[in-house]
Every structure is written in C-alpha cells, then in structure tokens.
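Some notes on the structure that comes next.
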Protein chains: 2
Amino acid sequence: MSKEASYKDKKVITIGIVRELTGLTERQIRYYEERKLIFPERTNGGSRKYSFADIELLMDIAEKIEDGVQTFEIRQEMMKEKKAADAKLRKKMIQGQLNAQFGMRRI
Amino acid sequence: MSKEASYKDKKVITIGIVRELTGLTERQIRYYEERKLIFPERTNGGSRKYSFADIELLMDIAEKIEDGVQTFEIRQEMMKEKKAADAKLRKKMIQGQLNAQFGMRRI
DNA sequence: CGTGTAAGGAATTCTGACACG
DNA sequence: CGTGTAAGGAATTCTGACACG
C-alpha cells in the first residue's frame, strides 16, 4: 500500500484520451468538473490533465448518473467518503507519532 | 509482479507532457523514435501517445546519450536485454505448462 | 550523429452561449 | 439538470527539410 501510486495519481492525460478511455464526451467530462466532482490540473497552455485515478472516478460518476443520481448527491457522497478517509489517516498518523516516540524503546 | 502494470504500460501521454516530464525537446523524443529506441502509439488524429514506462526509458536513453553512447549502440543493448528477457519468459512459460500438466497430480 | 529551427497544415482543446426540458 | 452543438480562437502536434558539424 502507498507504493507506486505515482503512476495512478499523476495528472498527465489529456481530455481526448480520457474521452477514449471512458467513453464519455468532453462536454460531460468538463461538466463534472464544473460540478466539483473531478479536479484536473492544467498545462501552461491551459489544457486539462487527468490521472488514471480520475479516469476511474469518472467512470464511477457516469455509472451513478445513469442510475439517476444527481451531481450534487454524488458530491455529497464523495465528501463523506473523504471525511472518513481523513479521519482514518489522522488516526494512523497519531499512531505513527506514538510509535516513533515510544515504540522503539526496549526498556 | 505482473500486477498493475496496466498504469505503467498504457500509452496515454501526449508528447507535450512527456517533454515536461523528461526535460527533453520534442525533437529529441521524435528522433529516438526514428532510431527505433521508443515506440509510441498514435491517436486517430495521428498524435503520439507514450506510457510511463516510455518516459522512464527516455530518461535512460538521454542519460546514455549524454555519456556519449550512440543511438545504434543503445538499440543493440536494448535488443540484448530483450532477448534475455524473452528467454526467461519462455522458460517460465514452459515451466507453467509442465506444472499445469503434472504439477497438480497428487498420485 | 544528434539537435535546432522555421514552415504550413491538421488535430486538439478552450470558453461562453444557446437549446432542450 | 445534464448534455448537444456551432463559434472563434489559441495551444498542440505533425511532417519534411535545411543547417551545423
């Protein structure tokens, strides 16, 4: 875990390729960004750049939309998930701190 | 091993991004292709698409060229490495065949 | 040999807007 | 609300060639 996420999370894919990979239209992809569901980076020239993780997320989003879920609902779900993940991470980091301070002591 | 090479080997990165990631010029990137050191795919429109593996390979190539190695020498090295890798793979597959036929038998 | 560059064209992407519903 | 589309412009990419050495 946490190994080589570098490929999955690096934003290097332009929208045309994302279109091919997801089957979505550029209109849809840009709209989901407008609705704060996806956050591509930009090149100097202003072109959007996506990661593989973004592509997977887009496919999840598309599936939910087909099921009639609205974008704001999807955003709410994502915020909840994010909060849960953050809490988990905080817990882990505190644990790491404790281990660093006391974990190695043999006495 | 052989798990999630999907991200690393998928050709989805356009040449402008490769330029940013490698620090090479487009001219250099295209030239190394001309010299058969790298093999991008193409979009329908004809634009080159590279993988993360290609990017790493390009950086290796660039390093060798800086060291004065010529492209045809680099190609020869790569061919040798490929042959070795192929031989290894063949051996593995034959072993797999044998295991499939006899490996599971308990009698 | 490896790389820079100017040239002209084609493919790509961007934004804001109108449309439907 | 989510998506299609035409519009005009800007950024991207392509190829073949000349140049240097």
Side-chain angles (χ1 to χ4, degrees), chain A residues 10-79, chain B residues 10-79:
Chain A
K10 207 147 195 180
K11 311 235 177 188
V12 295
I13 310 177
T14 49
I15 200 167
I17 311 269
V18 174
R19 175 173 34 72
E20 287 177 21
L21 262 38
T22 61
L24 301 173
T25 65
E26 297 181 16
R27 181 67 164 104
Q28 290 174 305
I29 299 168
R30 295 200 190 99
Y31 181 65
Y32 302 152
E33 175 184 1
E34 188 183 322
R35 300 314 311 272
K36 311 284 185 197
L37 298 180
I38 193 108
F39 305 94
E41 294 179 357
R42 298 280 183 146
T43 65
N44 293 330
S47 296
R48 272 166 265 248
K49 296 184 294 184
Y50 302 84
S51 67
F52 282 110
D54 289 333
I55 286 172
E56 293 178 9
L57 184 52
L58 278 169
M59 300 185 78
D60 287 348
I61 293 169
E63 197 176 322
K64 286 176 185 169
I65 295 215
E66 280 175 38
D67 292 350
V69 186
Q70 294 196 330
T71 53
F72 87 94
E73 296 175 288
I74 299 175
R75 184 163 62 244
Q76 285 180 333
E77 286 176 36
M78 285 174 50
M79 280 164 48
Chain B
K10 207 147 195 181
K11 311 236 176 188
V12 295
I13 310 176
T14 49
I15 198 166
I17 311 270
V18 175
R19 175 173 36 71
E20 287 177 20
L21 262 38
T22 61
L24 301 173
T25 65
E26 296 182 16
R27 180 68 163 101
Q28 289 174 306
I29 299 168
R30 294 198 190 100
Y31 181 66
Y32 302 152
E33 176 184 1
E34 188 184 322
R35 300 313 310 273
K36 312 285 186 196
L37 298 180
I38 193 105
F39 304 94
E41 294 179 357
R42 298 280 183 147
T43 65
N44 293 331
S47 297
R48 272 166 266 249
K49 296 185 295 185
Y50 302 85
S51 66
F52 282 110
D54 288 334
I55 285 172
E56 293 177 9
L57 184 51
L58 278 169
M59 300 185 77
D60 288 348
I61 292 169
E63 199 175 321
K64 285 177 187 170
I65 294 216
E66 280 177 36
D67 293 349
V69 187
Q70 295 197 328
T71 53
F72 87 94
E73 297 175 288
I74 299 176
R75 184 163 63 243
Q76 285 180 335
E77 286 176 37
M78 284 173 51
M79 280 164 49

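On a predicted model such as this, the values are computed, not experimentally measured, just so you know. Letters A, B, ... are given to chains in the order of the sequence lines, protein chains preceding strands, and every chain is numbered from 1.
- Near DNA chain C, meaning a heavy atom under 4.0 Å from it, residues 62-71 of chain B has B/I65, B/Q70, B/T71 in order of number.
- Using a 4.5 Å heavy-atom threshold, the side chains of B/I17 and B/T14 count as touching.
- Pairs passing the ring-ring contact (aromatic ring centres under 6.0 Å, His included) check and including a residue from residues 21-44 of chain B, sequence neighbours excluded, do not occur.
- In this model, the phosphate group of D/dG2 is approached by a side-chain N or O of A/Y31 to a distance below 4.0 Å at OP1 or OP2.
- Here A/E20 contributes atom CD and B/N44 contributes atom CG; the two are 6.0 Å apart, rounded to the nearest 0.5 Å.
- Remark: B/R19 pairs with B/E26 by the salt bridge (charged side-chain N to carboxylate O under 4.0 Å, His left out) rule, at least two apart or across chains.
- A distance of 6.0 Å separates CG in B/L24 from CG in B/L58, rounded to the nearest 0.5 Å.
- Within residues 53-60 of chain B, no residue places a heavy atom under 4.0 Å from DNA chain D.
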Atom pairs, protein N/O to nucleotides 5-8 of chain D N/O, distance under 3.5 Å:
{"from": "D/dT5", "atom 1": "O4", "to": "A/R27", "atom 2": "NE", "distance (Å)": "3.3"}

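- Put simply, the side chain of B/R30 reaches to within 4.5 Å of the side chain of B/I15, judged on heavy atoms.
- Two residues, B/T43 and B/E34, neighbour DNA chain C, and the one matched to the more 5' nucleotide by heavy-atom proximity is B/E34.
- Residue B/Y32 has a polar side-chain atom (N or O) positioned under 4.0 Å from OP1 or OP2 of C/dT3.
- In this structure, A/V12 and B/L21 approach most closely via the heavy-atom pair CG1-CD2, 3.9 Å.
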Tell me which donor-acceptor pairs under 3.5 Å the side chains of residues 65-79 of chain B have, and how far apart each pair is, sequence neighbours excluded?
{"from": "B/T71", "atom 1": "OG1", "to": "B/R35", "atom 2": "NH1", "distance (Å)": "3.0"}
{"from": "B/E73", "atom 1": "OE1", "to": "B/Q70", "atom 2": "N", "distance (Å)": "2.8"}
{"from": "B/R75", "atom 1": "NH1", "to": "B/R35", "atom 2": "O", "distance (Å)": "2.4"}
{"from": "B/E77", "atom 1": "OE1", "to": "B/K64", "atom 2": "NZ", "distance (Å)": "3.0"}

Could you list, one pair per line, each protein nitrogen or oxygen that sits under 3.5 Å from a nitrogen or oxygen of nucleotides 13-16 of chain C, together with the distance?
{"from": "C/dT13", "atom 1": "OP1", "to": "A/T14", "atom 2": "OG1", "distance (Å)": "3.3"}
{"from": "C/dT13", "atom 1": "OP1", "to": "A/G16", "atom 2": "N", "distance (Å)": "3.0"}
{"from": "C/dT13", "atom 1": "OP2", "to": "A/G16", "atom 2": "N", "distance (Å)": "3.3"}
{"from": "C/dC14", "atom 1": "OP1", "to": "A/R48", "atom 2": "N", "distance (Å)": "2.6"}
{"from": "C/dC14", "atom 1": "OP1", "to": "A/R48", "atom 2": "NE", "distance (Å)": "3.0"}
{"from": "C/dC14", "atom 1": "OP2", "to": "A/R30", "atom 2": "NE", "distance (Å)": "3.1"}
{"from": "C/dC14", "atom 1": "OP2", "to": "A/R30", "atom 2": "NH2", "distance (Å)": "2.8"}
{"from": "C/dT15", "atom 1": "OP1", "to": "A/R42", "atom 2": "NH1", "distance (Å)": "3.1"}
{"from": "C/dT15", "atom 1": "OP1", "to": "A/R42", "atom 2": "NH2", "distance (Å)": "3.1"}
{"from": "C/dT15", "atom 1": "OP2", "to": "A/R48", "atom 2": "NH2", "distance (Å)": "2.2"}

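- Residue B/L37 comes nearest to B/L57 through the heavy atom pair O-CD2, 3.7 Å, listed as atom of the first residue, atom of the second, then distance.
- Between A/R48 and A/R42, the closest side-chain pair of non-hydrogen atoms falls below 4.5 Å.
- Position along DNA chain C of the nearest nucleotide to B/R35 versus A/E20 favours B/R35 as the more 5'-ward residue.
- Annotation: side-chain hydrogen bond (donor to acceptor under 3.5 Å, both in side chains) contacts of A/K11 (sequence neighbours excluded): A/D54.
- You'll find the side chain of B/E33 reaches within 4.5 Å of the side chain of B/I38, heavy atoms only.
- Computed from coordinates, the A/Q28 CD to D/dT3 P distance equals 5 Å when rounded to whole Å.
- Helical stems involving DNA chain C, defined as 3 or more consecutive Watson-Crick or G-U pairs under 3.5 Å, span C:2-5 with D:17-20, C:17-20 with D:2-5.
- Between the CD atom of A/E41 and the NZ atom of A/K10 there is a distance of 10.0 Å, given to the nearest 0.5 Å.
- For B/F52, the ring-ring contact (aromatic ring centres under 6.0 Å, His included) test picks out A/Y7, with sequence neighbours left out.
- If you take CG of A/N44 and P of D/dA10, they are 18 Å apart, rounded to a whole angstrom.
- Remark: P of C/dG4 and CD1 of B/I29 are 11 Å apart, rounded to the nearest angstrom.
- Checked against side-chain contact (heavy atoms from CB on, under 4.5 Å), A/A53 has the following partners two or more places apart in sequence or in another chain: A/K8, A/D9, A/S51.
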